[in-house]
Amino acid sequence: PDRGMPGTSCVNLLGGVAGPNVYEVEHAHDGFQRMELLQSALFLDYEFDAASLTVILAHQVNERQTFNETDGAPQGVLTAHFDDEHEQVSLEARLSSNGDGPWNWVVGGFYYDDRLEYFRSNYILAFGGTSAGRYNEIDATNSAIFGEVSYDLTDRLSATAGLRITRDERVGAIVAGSIVPNPTLGSTYLGRDTWFGFPNNTIVSSLRNQSNDWTEPSARISLLYAATDDVNLWFTWSRSFRGGDFNGGALEEDEFVVTDPEFLSNFEFGFKGDFLENTLRLNASIFYYDYTDKIGFVEIPGARGPLGSISLLANFGDVEGQGGEVEFDWQATDNFNISSNLAYTDAEFVTTNFGLGFGGGDITGNKPAKTPELAWNTFLTYTNDLANGGELRFMVNPHWQDDQFFTDVNRNYEAQEAFWLLHASVAYTSPDDTWSVRVWGKNLGDEEWLADGFTFIAEHLAIPGGQPRQFGATVSYRF
C-alpha cells in the first residue's frame, strides 16, 4: 500500500525495482524540452476630473515539445511525449473614482480567451511497445462586468459591496488512438505530426464541438472597523464560481466530458494590530467555507481491465471547511527579529456526487486534496552591525507541514506524511550596500518529501517536492 512513498521500494510492470531514495532515478533514454514563449502587454492610464481609467491588454503564445521518461526505471517502461500550442488573450478596462468624499467606486469589464492545442503520447514498453496518443483542443472564454462601491459609514467604520456577472464558455474536441506495438520506438520522439503520420495507428475516440456555458453572479461584502489607531477589525463574505472544464487527459470519449461549475461561499473574520510601540505586528483570522460541486481529478486504475485505467475530471461533491491563521512579525530587539505564520484547516467532503459508473465510491468524510490540517513557518533573523559599517545577517527558517493527500479519493500511496524542513544562511553586506555575499544551506535535515503523486495505468508516479540537502553561496553586486 505504500508503493512509491519515500523510503520504500516498488516494482514496475517489467519487474524493475525503484530505489528507496526519491531523488534518485534511472533512465533508459535521454529526454529534452524545447519551449518558445512570446509575451506582450499594453497598459493605458488616463486621468479624468473625477475618475481614473485603466486599460490592460495582454497576449501570450507558448509552444512546447517535451520527451521524458516518467517511470524512473532502467527498462524505460513508460515515456511521455508532449507537443502543445497555447495562446491567451486578455483585456480589462476599469473606471475608478478618485474623489475625497466618503464614497469610492470602481466599474469595469473583463474578457479572456484561452486556446489550448494539447498533444500527448505515451510509449508503453510493458504492452509490447504500444503508443497511446491523444490530441485535445480546448477553448475557454470568460467575459464579465463588475462593480464595487465603498462607503465610510463613520470615521472608523467603512463598508464595501461588489458584484460581478461572469459568462464562462468551454468548447472542446478530442482525437485519441493507439499505434500497433512496435518495440523499436522507445527512443523516438513521437510528436503530433509523427504520431498521426504512422500508417498503422488506430483512432478510438473522435469528438468535435463539445461545449457548455454558464452565466453566474459573484459577490463580496466586507466591513472594516478601526477599533483603535493601532487595531483594525474586518469581516468578509464572498461567493464565487468556477466554470466547468474538460478533462485534458482523456483517452476515451466517455472521459472527455465537461464538468458542471463549482461554487464557493466564504466567511472570514479577523484583526490586524500593531503593539509594543509598533515593534509587533499581529494578524489573525478565522474562516468558514462551503464548496458546492467541487471539481477534482482522479485516475482509477483497473477500470478498463487489469492494466487499463481511466482519467477523470468530475464534480466530486460538497466540501465544508473551517480554520484560522495567525501571523506575527516582532522586532524583539534592535538586532533580533522573529516572523512566524501558523495555519489550521479542518475540511472534509460532506456529500458525494461520485456516481460516475467507473467504480467510484463514496468519498464522504474524505479530506480535500492538498489540504494539510496544520502548516507552520518561521524566520529567525539576527543582524550584527560591524565596526566597518558592514552588516552580518544570520537567518534560520524552520518549516513544518502536516499530512496531506494528493487526490480527493485519499489513497495512502498518493499522500505525504508530515515533515520538517530547515534552512539557514549567513550573509555579509558591504558598508556602501553595493555588494553582498550569502552562504546558505537548504533542507539541512535532508528530508525526502513529495509535492504530488498519481496513478497512471498500473504504475504510481511520485513527484519530489524539493531538492535534497544543498549548500551554496550567492554573490550580488548592485550597479
Side-chain angles (χ1 to χ4, degrees), residues 25 27-44 55-72 76 78-92 110-124 131-143 168-179 185-198 201 203 205-211 242-243 245-251 256 258 297 311 313 451-452 454 456 461 463-467:
V25 297
H27 289 298
H29 312 291
D30 293 329
F32 66 84
Q33 177 168 284
R34 293 190 293 263
M35 183 175 293
E36 296 181 6
L37 176 64
L38 175 63
Q39 295 176 310
S40 59
L42 175 66
F43 299 86
L44 173 65
V55 178
I56 303 173
L57 175 64
H59 179 251
Q60 175 177 301
V61 178
N62 180 28
E63 296 183 4
R64 176 187 67 154
Q65 294 82 39
T66 302
F67 171 42
N68 59 51
E69 189 176 322
T70 59
D71 60 285
L78 181 64
T79 58
H81 315 249
F82 298 89
D83 190 355
D84 311 327
E85 295 181 15
H86 190 195
E87 183 176 12
Q88 298 171 306
V89 178
S90 65
L91 173 64
E92 180 175 350
F110 176 80
Y111 174 82
Y112 174 77
D113 184 73
D114 185 306
R115 181 175 179 82
L116 174 65
E117 297 181 12
Y118 172 87
F119 175 80
R120 172 175 177 168
S121 66
N122 289 101
Y123 179 81
I124 310 167
S131 176
R134 60 178 177 269
Y135 171 71
N136 300 141
E137 291 182 4
I138 300 176
D139 193 356
T141 304
N142 179 290
S143 56
D168 250 345
E169 182 180 10
R170 302 289 186 275
V171 179
I174 177 176
V175 178
S178 63
I179 295 177
L185 296 177
S187 59
T188 303
Y189 171 62
L190 301 174
R192 186 192 316 178
D193 295 337
T194 303
W195 197 95
F196 283 107
F198 274 93
N201 62 44
I203 302 301
S205 303
S206 182
L207 288 174
R208 295 283 179 180
N209 296 324
Q210 302 294 105
S211 64
R242 169 191 172 191
D245 215 340
F246 283 102
N247 177 12
L251 283 171
F256 192 70
V258 63
F297 174 83
S311 163
L313 187 71
D452 208 344
F454 56 94
F456 180 76
L461 306 177
I463 301 175
Q467 299 294 328

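Contact detail for Phe246 and Ile138: the closest heavy-atom pair is CB-CD1, 3.7 Å. Looking at every heavy atom in both residues, Val171 comes nearest to Ser211 through CG2-CB, 3.9 Å.
Between Phe119 and Phe196, the ring centre distance stays below 6.0 Å. Taking the six-membered ring wherever Trp is involved, the centroid distance between the rings of Tyr118 and Tyr135 does not fall below 6.0 Å.
Looking at Arg170 and Asp168, a side-chain N of the basic residue comes within less than 4.0 Å of a carboxylate O on the acidic one, giving a salt bridge.
The CG atom of Asn62 sits 5.5 Å away from atom CG of Leu37, with the distance rounded to the nearest 0.5 Å. Here the straight-line distance linking atom CG of Asn68 with atom OG1 of Thr79 works out to 8.0 Å at 0.5 Å rounding. Distance OG/Ser143 to CG/Asp113: 10.5 Å, rounded to 0.5 Å. If you take CG on Leu57 and OG on Ser90, they are separated by 7.0 Å, rounding to the nearest 0.5 Å. Phe67 CZ to His81 NE2: the interatomic distance, rounded to the nearest 0.5 Å, is 5.0 Å.
Between Phe32 and Tyr189, the two ring planes are perpendicular [angle over 60°; tilted spans 30° to 60°].
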Margin query: Could you walk me through whether Arg64 and Glu85 satisfy the salt bridge (Lys or Arg N to Asp or Glu O under 4.0 Å) test, starting with their C-alpha distance in whole Å, then the side-chain angles of each, then the deciding distance to 0.1 Å, before giving a yes or no?
Written below: CA-CA 7 Å; Arg64 176 187 67 154; Glu85 295 181 15; over 6 Å; no
Next item on the list: Please step through side-chain hydrogen bond (donor to acceptor under 3.5 Å, both in side chains) for the pair Asn136 and Arg134, ending with a clear verdict.
Entry: CA-CA 7 Å; Asn136 300 141; Arg134 60 178 177 269; 4.6 Å; no
Check: Can you check side chain to side chain contact (heavy atoms under 4.5 Å, CB included) on Asn142 and Phe110, steps first, answer last?
Finding: CA-CA 8 Å; Asn142 179 290; Phe110 176 80; 3.6 Å; yes
Next item on the list: Apply side chain to side chain contact (heavy atoms under 4.5 Å, CB included) to the pair Thr141 and Asp139, showing each step before the final yes or no.
Entry: CA-CA 7 Å; Thr141 304; Asp139 193 356; 4.0 Å; yes
Check: Run the salt bridge (Lys or Arg N to Asp or Glu O under 4.0 Å) check on Arg115 and Glu137 step by step: do they pass?
Finding: CA-CA 7 Å; Arg115 181 175 179 82; Glu137 291 182 4; 3.5 Å; yes
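Environment of CD in Glu36: sparse, with no more than 12 heavy atoms of neighbouring residues, nucleotides or ligands closer than 6.0 Å.
Side chain of Ser121 to main chain of Leu190: a donor-acceptor pair is present (N/O by atom type, distance under 3.5 Å, no hydrogens or angles). The backbone N or O of Gln65 sits nowhere less than 3.5 Å from a side-chain atom of Asp83 that would complete a donor-acceptor pair.
The only option from Gln39, Gln88, Glu87 that meets the side-chain hydrogen bond (donor to acceptor under 3.5 Å, both in side chains) definition with His59 turns out to be Glu87.
No hydrogens or angles considered: a donor-acceptor pair under 3.5 Å links the side chains of His86 and Asp114.
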